[in-house]
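Got a structure for you, questions after.
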Amino acid sequence: MKTSFRDIYCGEVSDRFIGKELKLCGWIKRVRDLGGMIFFDLKDREGYIQCFVEKANTKVYNIVKDIRMEDCVWIKGMVRERKDKNPNIKTGNVEIEVFEIKLFNRSSELPFLVEDDINVFEETRLKYRFLDLKRPLMQNNIILKHRFVQIVRDNLNKKGFIEVETPYLSKSTPEGARDFLVPSRLAPGKFYALPQSPQLYKQILMVSGFDRYYQFARCFRDEDLRKDRQPEFTQLDIEMSFVEEEDVFQMIEELFEDIFNRLFMKTLNCPFPRLTYFTSLNKYGSDKPDLRVNWEIKDFTNLLKDKGIKIFEGCEAILSLEIDVDITRKKVEELNEFVKSQGGKGVTYVKYTDSLSGPLSRFISADYLKKGNVYLFVADKKEKAIFILGRLREKCIKLLEPELKEDFSFVWITEFPLYVWDEEEKRWEPAHHPFTMPRNPGDIDKSPREVIGRQYDLVLNGVEIGSGSIRNHDPELQRKILKKMGYSDEDIEKRFGFFLSALSYGAPPHGGIALGLDRIIVTLLGLGSIRDVIPFPKTAKGYALFEGAPSEVGKEQLKDLKLELKNEND
RNA sequence: GGGGGCGUAGUUCAGCCCGGUUAGAACGCUGGCCUGUCACGCCAGAGGUCGCGAGUUCAAAUCUCGUCGCCCCCGCCA
């Protein structure tokens, strides 16, 4: 981009500028001082170009002699065709003979090299995030996110969606995650909550007749963190009026088709496959199965129960994960340790190559097995065995590096239970959130366990990247659902009255979805941690290492808020 | 809240089990040599509160306890 300082980006210098004089700005990448002449690479966002100066040009030479990596400079020079071309770099055909140079700003000694291929603790990277973000790899991640967002905007705008903002200072609603609270100065003793999601606002926008809404909304949840969980994260929040599941599915599939097309020039297989929650659980042991492999869980309970196999004694279910790759005994041992770490008893196996082998081979007939496959067995209470095999399945995908059917495998999970029983609190909790429309509301009173919520999750490569539902637009039914969750009429009025009131003014049928932007980008890039696609993330304990947040505040600030700090032990 | 791993030069690591010379290496940094390098090369050098605190010991980077920070996992995340 031409500015008063420069003509083009360093990475844009090419054959067509040979013989032309250019002004460039950027940072020093590497210096190669040969004594009689000095080479250095000048870099910016778009790439880098080799520059050189000979000793004869004393004025420039004397400056260049002292430059170091990451110094910020301006140069003027002539583009030359190289004698020894470097095919490994974009600008490798040409180089610049420097006529003039100006040092804008020097760089202090670096804590690490600003290059892609570094081996540095994340702690150090976060402390010097401004350098970490300078690495091409990190820039690519952030820029891909930018392009993704622009395509989404373009796609949804064309479909008639309106981008609407919603408040960050909001009302604390119980349930779900812990809220981040913000004390109010004007109302001492009262607190705003940062929104866990714009759920209620977007439903209210439907009541207001906007018909189709979206927003890249920052969401806040004060829970313990993981590599795929930050205290603040971005959701692509979408809501539509007068729709059913099919409308949402189609809209999202078209959106991803567009994204893959424009971002990767790839065609997606649409529509995405669908699984009900119970099928997914029973087949894959997970409500977010990675379908890049087709390994399934098989039930061997009837075949192997009470056959005198010691390790299966007294177990309710004997289940097996059928995989189509070979496995070494050493890796089985590793899986065995893993299963124990997940609270299971252990894992054993049968391998069917030319004949049967493995600890279970003498108890089972080849008639029930498929040649070439390995069967990993876990026995336990049924629910637990399924859970463990689900975890084992994920572990095997990482450990055994199977050939994948495709790079990206989407799947819709549908028909979730509306309620789950919370054993600790002894009450019914919403499986998704309390505003989901039940498919069979008649069952709420007599058998809450059987009520199906019109909820759906979108899963990509074993990562839950989105979740949504057809919402409840009937205020009376909504009241009934909340009541079943143990709220008194009074509680409901106090906490959700504003929302129920909105529903009672001609709320349309509506539904939508929220997609986790950071998780999607990280999955598309094949990375592990969403911290690598968030410019300024927090650590696992919620600290911002660069600026040092959270931090203590002054007495005056607390006084304004009518707050006092108590000493520990509470 | 619980479990595991890590913390030694600016950075990444070795040394720690089995306590005992001046705590090493690579990259980076400083100085010198070098006109076709592109991870330039060669020579020389500087650089350490061994995370912090206590304990054991004649003696602790090394053993013990506590504590802080980073990473991963379980719980938690409507």
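Atom set for the values below is all heavy atoms of this structure, side chains included, hydrogens, waters and symmetry mates excluded. The shown structure was predicted, so the numbers you read here are calculated from the model rather than taken from an experiment. Reminder, nothing fancy here: chain letters follow the sequence lines and each chain counts from 1.
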Gap separating the CZ atom of Arg218(A) from the CD atom of Gln230(A), nearest 0.5 angstrom: 10.0 Å

Could you check whether any side-chain heavy atom of Arg125(A) comes within less than 4.5 Å of a side-chain heavy atom of Leu545(A), counting everything from C-beta outward? no

Would you please indicate yes or no on a ring centroid separation below 6.0 angstrom for Phe546(A) and Tyr128(A)?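 No.
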
Gln342(A)-Arg391(A) side chain donor-acceptor pair, cut-off 3.5 Å: yes

All N/O pairs under 3.5 Å across the protein-nucleotides 40-42 of chain B interface:
{"residue": "C40(B)", "atom": "OP2", "partner": "Arg32(A)", "partner atom": "NH1", "Å": "3.1"}
{"residue": "C40(B)", "atom": "N4", "partner": "Asp33(A)", "partner atom": "O", "Å": "2.2"}

How long is the line joining CG of Leu42(A) and P of C38(B), in whole Å? 19 Å

Return no unless some side-chain N or O of Tyr543(A) is found under 4.0 Å from OP1 or OP2 of G69(B). yes

Considering every strand shown, what is the Watson-Crick or G-U wobble mate of G48(B) when both distances are under 3.5 Å?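 Per the H-bond distance test, none.
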
To the closest 0.5 Å, what do you measure between CD1 (Ile465(A)) and CG (Asp228(A))? 13.0 Å

Would you say Arg226(A) places a side-chain N or O within less than 4.0 Å of OP1 or OP2 belonging to C71(B)?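 The answer is no; no side-chain N or O of Arg226(A) sits under 4.0 Å from OP1 or OP2.
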
Rounding to the closest angstrom, what is the interatomic distance between C76(B) and A9(B) at atom C1'? 41 Å

Tell me, with the steps shown, if Glu245(A) and Arg439(A) meet salt bridge (Lys or Arg N to Asp or Glu O under 4.0 Å). CA-CA 12 Å; Glu245(A) 286 86 340; Arg439(A) 190 168 302 292; 3.0 Å; yes

Determine the Euclidean distance between corresponding C1' atoms of U8(B) and C70(B); express it in Å to zero decimal places.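 To the nearest whole Å, 16 Å.
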
Nearest-0.5 Å distance, CG of residue Asp44(A) to SG of residue Cys10(A): 4.0 Å

Write down the distance separating the C1' atoms in U11(B) and G28(B), rounded off to the nearest Å. 7 Å

Hey, does Arg531(A) reach any base, or is it just sugar-phosphate, or nothing, if we go heavy atoms under 4.0 Å?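 Answer is sugar-phosphate: Arg531(A) comes under 4.0 Å of backbone atoms only.
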
Using Watson-Crick or G-U wobble geometry with both distances below 3.5 Å, tell me the partner of C76(B), or none.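 Partner of C76(B): none.
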
Ile89(A) near the nucleic acid: base, sugar-phosphate alone, or nothing, with a heavy-atom cut-off under 4.0 Å?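 Ile89(A): no heavy atom of the nucleic acid under 4.0 Å.
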
Counting only side-chain nitrogens and oxygens, does Lys85(A) get under 4.0 Å of the OP1 or OP2 atom of C38(B)?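 The answer is no; no side-chain N or O of Lys85(A) sits under 4.0 Å from OP1 or OP2.
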
Rounded C1' spacing from G7(B) to A46(B) in Å: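 That atom pair is separated by 25 Å.
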
Look at the side chain of Arg391(A) and the base of C73(B), then say whether one donor and one acceptor between them are separated by less than 3.5 Å. no

Distance in angstrom units between Lys340(A) NZ and C73(B) P, rounded: 22 Å

Pick the C1' atom in C71(B) and in U21(B), then give their distance to the nearest Å.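 Pairwise C1' distance, C71(B) against U21(B), rounds to 37 Å.
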
Rounded to whole angstroms, how far apart are CD1 on Ile118(A) and P on A26(B)? 21 Å

Across all strands shown, which nucleotide pairs with A25(B) by Watson-Crick or G-U wobble geometry, both distances under 3.5 Å? U12(B)

Looking at every strand, decide which applies to Arg82(A) at a 4.0 Å heavy-atom threshold: base, sugar-phosphate, or nothing. base

Within this structure, what is the CG-to-C1' distance between Asp518(A) and C77(B), rounded to whole angstrom? 15 Å

Answer yes or no for Lys29(A) and Tyr48(A): cation-pi contact, defined as NZ/CZ to six-membered ring centre under 6.0 Å and angle to ring axis within 45°. yes

Any base atoms under 4.0 Å from Thr436(A), or only sugar-phosphate, or nothing? Heavy atoms, all strands. nothing

Could you check which nucleotide pairs with C65(B) in any of the strands shown, counting Watson-Crick or G-U wobble with both distances under 3.5 Å?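 When the pairing criteria are applied, G53(B) turns out to be the nucleotide that pairs with C65(B).
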
Any Lys/Arg nitrogen of Asp489(A) or Lys483(A) sitting under 4.0 Å from an Asp/Glu carboxylate oxygen of the other? yes

To the nearest 0.5 Å, how far apart are CG in Leu113(A) and CZ in Arg30(A)?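 Interatomic distance, Leu113(A) CG to Arg30(A) CZ, rounded to 0.5 Å: 5.5 Å.
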
Rounded distance (Å) that lies between atom C1' of C74(B) and atom NZ of Lys227(A): 14 Å

Go nucleotide by nucleotide along RNA chain B from the 5' end; which of Ala431(A) and Asp224(A) gets its closest nucleotide reached first?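 Upstream on the strand: Asp224(A).
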
Nearest to the side chain of Gln50(A), which nucleotide is it out of C38(B), C27(B), C74(B)? C38(B)

When you compare G3(B) with G47(B), how far apart are their C1' atoms, in angstrom units rounded to a whole number?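 The same atom, C1', in both gives a distance of 39 Å.
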
For the residue pair Phe220(A) and Tyr168(A), is the inter-centroid distance of their aromatic rings smaller than 6.0 Å?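 Phe220(A) vs Tyr168(A): aromatic centres under 6.0 Å.
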
Rounding to an integer number of Å, can you tell me how far Leu225(A) CG sits from C71(B) C1'? 12 Å

Straight-line distance of Ile386(A) CD1 to Lys381(A) NZ, nearest 0.5 Å: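 These two atoms lie 13.5 Å from each other.
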
On a whole-Å scale, what distance lies between the C1' atoms belonging to U30(B) and U35(B)?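 Between the two C1' atoms, the distance is 24 Å.
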
Touch check for Lys55(A), heavy atoms < 4.0 angstrom, all strands: base, sugar-phosphate only, or nothing? nothing

Base, backbone or nothing for each nucleotide of nucleotides 5-14 of chain B, written B, S, -, heavy atoms under 4.0 angstrom, 5' to 3'? -S---SSSS-

Whole-Å distance, Ile530(A) CD1 to C77(B) C1', equals 12 Å

Expressed in angstrom and rounded to an integer, what is the separation of Tyr128(A) atom OH from C70(B) atom P? 16 Å

For nucleotides C50(B) and G45(B), find the distance between their P atoms and express it as a whole number of Å.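 Each nucleotide's P atom is 25 Å from the other's.
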
Determine the contact category for Gln455(A): base if any of its heavy atoms lies under 4.0 Å from a base atom, sugar-phosphate if only primed atoms, P, OP1 or OP2 are that close, otherwise nothing.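 Here Gln455(A) touches no strand at all.
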
